[in-house]
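On a predicted model such as this, the values are computed, not experimentally measured, just so you know. So you know, we letter chains A, B, ... as the sequences are listed, proteins then strands, and number each from 1.
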2 protein chains.
Amino acid sequence: MSVQLTKGESAEMYIKAIGELTLEEALVPISTLASRLGISPVSATEMVHRIVEQGLVEHERYKGVRLTETGKRRAMLVLRRHRLWERFLTDKLKLPWEDVHDLACRLEHAVGTEVIDALVDFLDEPSSCPHGNPIPNSEGEFEYSDGVQLNTLRQGDEGVILRIHPESRDVLSFLAQKRIKPGAALSVIDVDDFDGLLTISINGVDQIIGQRIASHIVVAA
Amino acid sequence: MSVQLTKGESAEMYIKAIGELTLEEALVPISTLASRLGISPVSATEMVHRIVEQGLVEHERYKGVRLTETGKRRAMLVLRRHRLWERFLTDKLKLPWEDVHDLACRLEHAVGTEVIDALVDFLDEPSSCPHGNPIPNSEGEFEYSDGVQLNTLRQGDEGVILRIHPESRDVLSFLAQKRIKPGAALSVIDVDDFDGLLTISINGVDQIIGQRIASHIVVAA
DNA sequence: CCACGTTTATAGGCTAGCCTAAATAGTTAG
DNA sequence: CTAACTATTTAGGCTAGCCTATAAACGTGG
Ligand SMILES: [Mn+2]
Ligand SMILES: [Mn+2]
Ligand SMILES: [Mn+2]
Ligand SMILES: [Mn+2]
């Protein structure tokens, strides 16, 4: 009769986070990981030791962590589940763009391949999440299309928004409110000399946004 | 940025199980609960104390447990989520009848009202799970249509299968294999004098089934 | 009415994940 | 080359959920 409750969702969140942070730096400091997960550095270190034991990551002392091949595959499969659930929640259930990220973060741990494969069929093999990030295939492989962070653009530059990365509820609801989404064309009207505030024209409207938020917006190169 | 992992799935499983077992006896002995959940009686007793503290159940010493109003509502909402996910998994994802119960048992804890309400719309407000059990409404209310357990029928009795209850992977795959599902008409050809083996005619085929499995099959009165 | 079986409690233990405070080790800028 | 800063470890603690072994309390059949 036994029912079996999950355990080990944490490990999945750790490797997923490492996978996402690896896009920025090859070696992720445990402190960065800890703050991303909202966990104390001490606890993060403990958990890192556990997942090192499990062969999911390598740790270079005082430098940071890196996923092993196994770990990378596992992490990408979590990301796959996450992004597929996001597609389902937005496309089929019509839930708000800014809500689905957190909801998918719960669902991503609940069920495995059987459901996910069926979900892929049901959704007609989508290639990206609603926020523009690519969905890894069943082997955990995927490619990011080339793009640059909006905060690196200068006055006069133009481009189309490719994706929002990394995703978080705060960032997404801020952007939803300003109607800034993947697919939108934009041009940089001005970049402030002091704080780097960007004045951009998007959907025919001028908006002023800061460096922090701009770093989450990836624009086609 | 904190991520928040669930905890408390166990409590949901306990109250759900109590809710289901209450159909048979008003006061559920902790031992019954324990064996249903595949947990030791000592651990089940501990957990019962915790959910008593939380006001979800009442415990009559040496008799058993009973859901409080709050507990009943909560339990029925878990059941609601469970049965809705089952419908989704069978109707939309085309997953096997006998697989969806266990899968839904994972999904039922993952997300709350926002997703479930949207799911109800998406599924066009289904009234029962694929195994014939009614889906409680958003207040946790529902009604079982009248029915009797197949093992209480005698030779010559006829009826239509209403539902399978209680559900479990073993029971469902056994029945799937024998193509015994809700909606099917059956008649009792014979009841064995010694072990109560039932010979039934269903879908034009004769089948012999035991008392244990027959007790999971509810037939229209 | 009392012995036997069931139910509950007690005692002692375990793992996963989290925490803080304080000590120590490594890196790097000046 | 060392002080300051950062990264990690150590120590000590906590909760939720599980476990086994053993003891005590209860309730009922004969
Ligand atoms: Mn998650
Ligand atoms: Mn996304
Ligand atoms: Mn469950
Ligand atoms: Mn069902």
Any A:T45 side-chain nitrogen or oxygen under 4.0 Å from OP1 or OP2 of D:dT8: no

Contact under 4.0 Å: A:H49 side-chain N or O vs D:dT9 OP1/OP2: yes

Mutual orientation of the aromatic rings belonging to B:H59 and B:H49 [parallel < 30°, tilted 30-60°, perpendicular > 60°]: tilted

Ring geometry between A:F88 and A:F122 (parallel below 30°, tilted from 30 to 60°, perpendicular above 60°): tilted

Side-chain N,O (A:Y14) to OP1/OP2 (C:dC18) below 4.0 Å: yes

Sugar-phosphate, base or nothing in reach of B:S43, heavy atoms under 4.0 Å: base

Sugar-phosphate, base or nothing in reach of B:S40, heavy atoms under 4.0 Å: base

Gap between atoms CD and P, on B:E60 and C:dT8 respectively (whole Å): 11 Å

Length of the line joining B:R50:CZ and C:dT8:P, which is rounded to integer Å: 16 Å

Parallel, tilted or perpendicular: ring planes of A:W85 versus B:W85, cut at 30 and 60 degrees: perpendicular

Length of the line joining A:L33:CG and C:dG17:P, which is rounded to integer Å: 14 Å

Distance test, side-chain N/O of A:R61 to OP1/OP2 of D:dT9, below 4.0 Å: yes

Rounded interatomic separation in angstrom, taking CD from A:E53 and C1' from C:dT15: 15 Å

5' priority, DNA chain C, between A:E46 and A:Y62 [closest heavy atom]: A:E46

5'-most by nearest nucleotide on DNA chain D - B:K63 or B:P41: B:P41

